[in-house]
There are 2 protein chains.
Amino acid sequence: MPRKRRLTRDESRAETRQRLMESAERVFAEKGFYGASVEEISERAGYSRGAFYSNFEDKDELFLALFDERTDAQIAEVSELLAANPDPADFIAALRDRSVGRASQRTWIMLADEFWLYAMRNPKVRPKLAARERSERDAYQRAVVALHEAMGVAPPAPPELLALIVQALDAGFAWQQYLDPETITEDTFLDALALLTSASVALAEKSQLDNSARRA
Amino acid sequence: MPRKRRLTRDESRAETRQRLMESAERVFAEKGFYGASVEEISERAGYSRGAFYSNFEDKDELFLALFDERTDAQIAEVSELLAANPDPADFIAALRDRSVGRASQRTWIMLADEFWLYAMRNPKVRPKLAARERSERDAYQRAVVALHEAMGVAPPAPPELLALIVQALDAGFAWQQYLDPETITEDTFLDALALLTSASVALAEKSQLDNSARRA
DNA sequence: GTCTATATAAAGATAGAC
DNA sequence: GTCTATCTTTATATAGAC
């Protein structure tokens, strides 16, 4: 264990930045981009506004920094999740753990929604979030293809479309679930995924049957 | 055609309210709840702030009024759409017309997102939006049941789950499509619906086959 | 580097004139 | 009913002390 020592100027600065960003993540999620004041972000991080402005140009820069950090982390997360779980069933199980494990799931979904709105309203930011979504979609697509392979059938539709369906479901379920948790439980999304998997396989088998019938 | 006459006080007041709400719809969609100022809403409706405050208590009341109006309209719209299109294929075609016909589709999805965030942050409002979503889900469910009946099969899963899937897809696709219109076209959602319909029917047929095989 | 004090601007909301 | 003028609050951002 390394001997304790004073932080260098750069380390101290980085720590302040980090604490401000963690605080900002919470406040943005709670109040939204406009509703979150620099004062509240700073205070809840244990600093004053002065410290904030010595670390960030303005509120926009902070939000963008948060956006970049989260976007990069998510892209890496989904890719790693898939690499670590080549078996489709494991991948879905890992998805479940990911949602359950994220204690701050509600915070994250609110923040993701703020990101979406911010991206939709800022032409320079939109392509960056779109790229992040495409990257996530790629990971889903590899999972979908692997899953059908494991079941011994060809995907019954373009894998891009199947991946998009999974991704849209993920976002759409989150929206509905957090709005109405009494009706839609944690497991509903996974029930839906299981159902769609069976249905997709059934359709694939059916078209294989049709094809061999036509050949005979 | 009725003779022109002066508007009564009530009619004039109602018209001002209406114009303010239409303006507010655009400004809230563009800037979000906090970003939309009473001044801009009023000016773009052709009034001053004074007129605004003589018609609404404050910004919150206006947003809630808009929320209620839109919520009621949507519930009625989906129900009518289904009543007018008992045939499932017609219902899906009507869905397409609905999206194409709504020139202000982008405005609506931004506003819907603002509603969601607003509801998530206001405990008194959340149940109202949740009720609206449940009502929409009921309409989808009736459509799903009718669709399977028309194909001569029993739904291969609880109809509630199937309806929720359609609804989640609708929201999730809108999110992805407006973020990345270059990748995701207008028709992708309907392609997905068509695919899921075939897949659901294939799964239903498969389980019917399994059942008769077991009986034999 | 961070804090306190302060300048500046923007928005919400009200009051009184017409 | 709506407008203009005004009050009040709140937030961003900066400057200078430590």
Side-chain angles (χ1 to χ4, degrees), chain A residues 4-67 114 117-118 121-122 125, chain B residues 4-67 114 117-118 121-122 125:
Chain A
K4 259 186 199 165
R5 58 168 173 77
R6 267 203 140 72
L7 296 176
T8 66
R9 246 183 280 277
D10 275 4
E11 282 168 344
S12 165
R13 195 183 171 78
E15 191 178 321
T16 303
R17 257 185 89 95
Q18 188 54 34
R19 286 193 184 156
L20 283 168
M21 284 175 70
E22 282 165 13
S23 170
E25 183 173 326
R26 290 192 296 271
V27 183
F28 280 132
E30 279 174 30
K31 311 268 177 89
F33 179 72
Y34 283 97
S37 72
V38 171
E39 177 164 28
E40 182 168 0
I41 292 169
S42 307
E43 264 179 10
R44 283 169 61 172
Y47 295 94
S48 66
R49 265 172 296 171
F52 176 92
Y53 282 102
S54 91
N55 281 279
F56 295 94
E57 179 103 2
D58 53 23
K59 198 164 77 162
D60 254 86
E61 198 216 298
L62 167 66
F63 194 70
L64 270 175
L66 202 55
F67 179 90
E114 287 293 328
L117 284 172
Y118 188 80
R121 287 169 182 149
N122 292 272
V125 179
Chain B
K4 262 186 197 164
R5 57 167 174 76
R6 270 203 136 72
L7 296 175
T8 67
R9 248 181 280 278
D10 275 5
E11 282 168 343
S12 165
R13 196 184 169 78
E15 192 179 321
T16 303
R17 257 184 88 96
Q18 189 54 33
R19 288 195 183 153
L20 283 168
M21 284 174 71
E22 283 164 12
S23 169
E25 184 173 323
R26 288 192 298 272
V27 182
F28 280 133
E30 281 174 30
K31 312 268 177 90
F33 179 72
Y34 283 98
S37 73
V38 171
E39 178 163 29
E40 182 169 359
I41 292 169
S42 308
E43 264 179 10
R44 283 170 62 171
Y47 295 94
S48 65
R49 264 172 295 173
F52 176 92
Y53 283 104
S54 92
N55 280 280
F56 296 95
E57 179 104 3
D58 52 23
K59 197 162 80 161
D60 254 85
E61 199 216 298
L62 167 66
F63 194 70
L64 269 176
L66 201 55
F67 178 91
E114 287 293 327
L117 283 172
Y118 188 79
R121 287 169 181 149
N122 292 272
V125 178

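In this text, all values refer to a predicted model and were calculated from it rather than measured experimentally.
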Undergrad: Output the rounded distance in Å from CD (Glu39(B)) to P (dT6(D)).
TA: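 About 16 Å, once rounded to whole Å.
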
Undergrad: Quick one, Tyr47(B) with Phe52(B), criterion side chain to side chain contact (heavy atoms under 4.5 Å, CB included). Give me CA distance, side-chain angles, the key distance, then yes/no.
TA: CA-CA 7 Å; Tyr47(B) 295 94; Phe52(B) 176 92; over 6 Å; no

Undergrad: Can you tell me the distance, in whole Å, between the CD atom of Glu43(B) and the P atom of dT2(D)?
TA: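 From Glu43(B) CD to dT2(D) P: 16 Å.
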
Undergrad: Picking from dT2(D), dT2(C), dA13(C), which would you name as closest to the side chain of Ser54(B)?
TA: dT2(D)

Undergrad: Rounded to the nearest 0.5 Å, how far does CG of Leu62(A) lie from CZ of Phe67(A)?
TA: 13.5 Å

Undergrad: In whole angstrom, give the distance that lies between atom CZ of Phe52(B) and atom P of dG1(D).
TA: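 Spelled out: CZ on Phe52(B) to P on dG1(D) is 18 Å.
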
Undergrad: Over all strands shown, is Ala14(B) touching base, sugar-phosphate only, or nothing at heavy-atom distances under 4.0 angstrom?
TA: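 Ala14(B): no heavy atom of the nucleic acid under 4.0 Å.
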
Undergrad: Reading DNA chain D from 5' onward, which residue's closest nucleotide shows up sooner: Gly35(A) or Gly50(A)?
TA: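 Looking at the nearest nucleotide for each, Gly35(A) comes out on the 5' side.
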
Undergrad: Just how far, in rounded Å, is P of dT12(D) from CG of Asp58(A)?
TA: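 Result: 10 Å.
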
Undergrad: Which of these passes salt bridge (Lys or Arg N to Asp or Glu O under 4.0 Å) with Glu40(A): Lys59(A), Lys31(A), Arg49(A)?
TA: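 The option that passes is Lys31(A).
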
Undergrad: Report the nucleotide, chosen from dT12(D), dT4(D), dG1(D), that has the shortest atom-to-atom distance to any side-chain atom of Thr16(B).
TA: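 Within the option list, the nearest is dG1(D).
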
Undergrad: Can a side chain N or O of Tyr53(B) be found less than 4.0 Å away from OP1 or OP2 on dA13(C)?
TA: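 It does, given that an N or O in the side chain of Tyr53(B) lies less than 4.0 Å from OP1 or OP2 of dA13(C).
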
Undergrad: Heavy atoms only, 4.0 Å cut-off, all strands: where does Arg13(B) land among base, sugar-phosphate and nothing?
TA: nothing

Undergrad: So that I can tick it off, tell me whether Arg44(B) and Glu22(B) are bridged by a salt bridge, with the cut-off set at under 4.0 angstrom between side-chain N and carboxylate O.
TA: no

Undergrad: What nucleotide, of dT2(C), dG12(C), dT2(D), holds the atom closest to the side chain of Arg49(B)?
TA: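 Nearest nucleotide to the side chain: dG12(C).
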
Undergrad: Calculate the interatomic distance between Asn55(B) atom CG and dA13(C) atom P; express it in whole Å.
TA: 15 Å

Undergrad: Closest to the Ala51(B) side chain: dT2(D), dT12(D), dT2(C)?
TA: dT2(D)

Undergrad: With a non-hydrogen cut-off below 4.0 angstrom, is Ser37(A) in contact with a base, only sugar-phosphate, or nothing?
TA: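 Sugar-phosphate only.
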
